[in-house]
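Worksheet: the structure to be examined is printed underneath.
Note that these values count all heavy atoms, side chains included, but never hydrogens, waters or copies made by symmetry.
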Amino acid sequence: MARLLAIDYGKKRTGLAVSDELQIIANGLTTVATVELEGFLLNYVKREPVERIVVGLPKQMNYEPSENMKRITPFVNRLRKLLPDIPVEFHDERFTSVLAQKAILESGIGKMARRNKELVDEVSATIILQSFMESRRMRM
């Protein structure tokens with residue numbers, strides 16, 4: 001099996017996470033500057049087999065798309081053209097930043113490290129991916 005890759009797309013930074021090859025566990029990969037994201041992804045899929053890309057779908061509490069959706073849609077359209085053999089799909093990302101901050105706090109990481117927004121983005125991507133994999137298992 002190939003890996004799943006999750007993207008928590010942001011205006012300035014984007015968090016990335018990948019699954020293991022058996023698609024059981026999500027792990028944080030890194031956080032990259034959003035302007036460098038496409039190049040990073042192209043290099044990554046050359047080195048690692050990726051079965052599917054999961055992009056966090058930003059919704060507001062009333063299920064309306066969030067402000068960031070106007071940036072995500074063009075990115076996803078470009079990604080689908082750049083990597084036509086890898087399916088790209090959305091997965092609800094509501095509460096992932098809050099869950100990420102809570103997970104980081106509970107991990108015992110020091111106060112300065114908790115302020116690291118890049119870590120929050122990476123952990124958010126990990127939560128998106130783990131949630132996606134769990135929802136897929138429930139459908140089977």
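A heavy-atom distance below 4.5 Å is found between the side chains of L41 and L16. Counting only heavy atoms from C-beta outward, the side chains of V18 and E48 never approach each other to under 4.5 Å. Here the side chains of M69 and L57 are in contact, with some heavy-atom distance below 4.5 Å. By the 4.5 Å heavy-atom criterion applied to side chains, S19 and L129 are counted as neighbours. A 4.5 Å side-chain heavy-atom check between I7 and F75 finds at least one atom pair inside the cut-off.
The existence of a salt bridge linking R52 and E89 is confirmed by a sub-4.0 Å separation between a basic side-chain nitrogen and an acidic carboxylate oxygen.
In this structure, CD in E134 is found 12.0 Å from CD1 in I24, a value given to the nearest 0.5 Å. The distance from the CG atom of L29 to the CG atom of L5 is 6.5 Å, given to the nearest 0.5 Å.
Listed by first then second residue, pairs satisfying ring pair (Phe, Tyr, Trp, His ring centres under 6.0 Å) with a partner in residues 12-59 number zero, not counting sequence neighbours.
When all heavy atoms are compared, the tightest approach of P49 to A2 is O-CB, 3.5 Å. Minimum heavy-atom separation, I25 to M133: C-CE, 3.6 Å. The shortest non-hydrogen separation linking S135 to H91 is OG-CE1, 3.6 Å. The two residues Q23 and R136 come nearest to each other via the heavy atoms OE1-NH2, 2.6 Å.
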As a quick check of understanding, evaluate side-chain contact (heavy atoms from CB on, under 4.5 Å) for V54 and F90, giving each step before the final call. CA-CA 6 Å; V54 180; F90 290 103; over 6 Å; no

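Counting only distance, with no hydrogens or angles, the side chain of N27 and the backbone of A17 share no donor-acceptor pair below 3.5 Å. The backbone N or O of K70 sits nowhere less than 3.5 Å from a side-chain atom of T73 that would complete a donor-acceptor pair. The closest donor-acceptor contact from the side chain of S131 to the backbone of I127 lies at 3.5 Å or more, if one exists at all. Here the side chain of R3 pairs no donor or acceptor atom with the backbone of V50 at under 3.5 angstrom.
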Distance-only donor-acceptor hits, side chain of residues 31-39, under 3.5 Å, sequence neighbours excluded:
from : atom 1 : to   : atom 2 : distance (Å)
T31  : OG1    : E118 : O      : 2.7
T34  : OG1    : G10  : O      : 2.6
T34  : OG1    : K12  : O      : 3.4
T34  : OG1    : R13  : N      : 3.3
T34  : OG1    : T14  : OG1    : 2.8
E38  : OE2    : R78  : NE     : 2.5
E38  : OE2    : R78  : NH2    : 3.1

Report all side-chain donor-acceptor pairs from residues 79-87 shorter than 3.5 Å, counting only partners two or more places apart or in another chain.
from : atom 1 : to  : atom 2 : distance (Å)
R80  : NH2    : V88 : O      : 2.7

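In terms of hydrophobic clustering, with Ile, Leu, Val, Met, Phe, Trp and Tyr side chains grouped at heavy-atom distances under 4.5 Å, L42 and Y9 are assigned to a common cluster.
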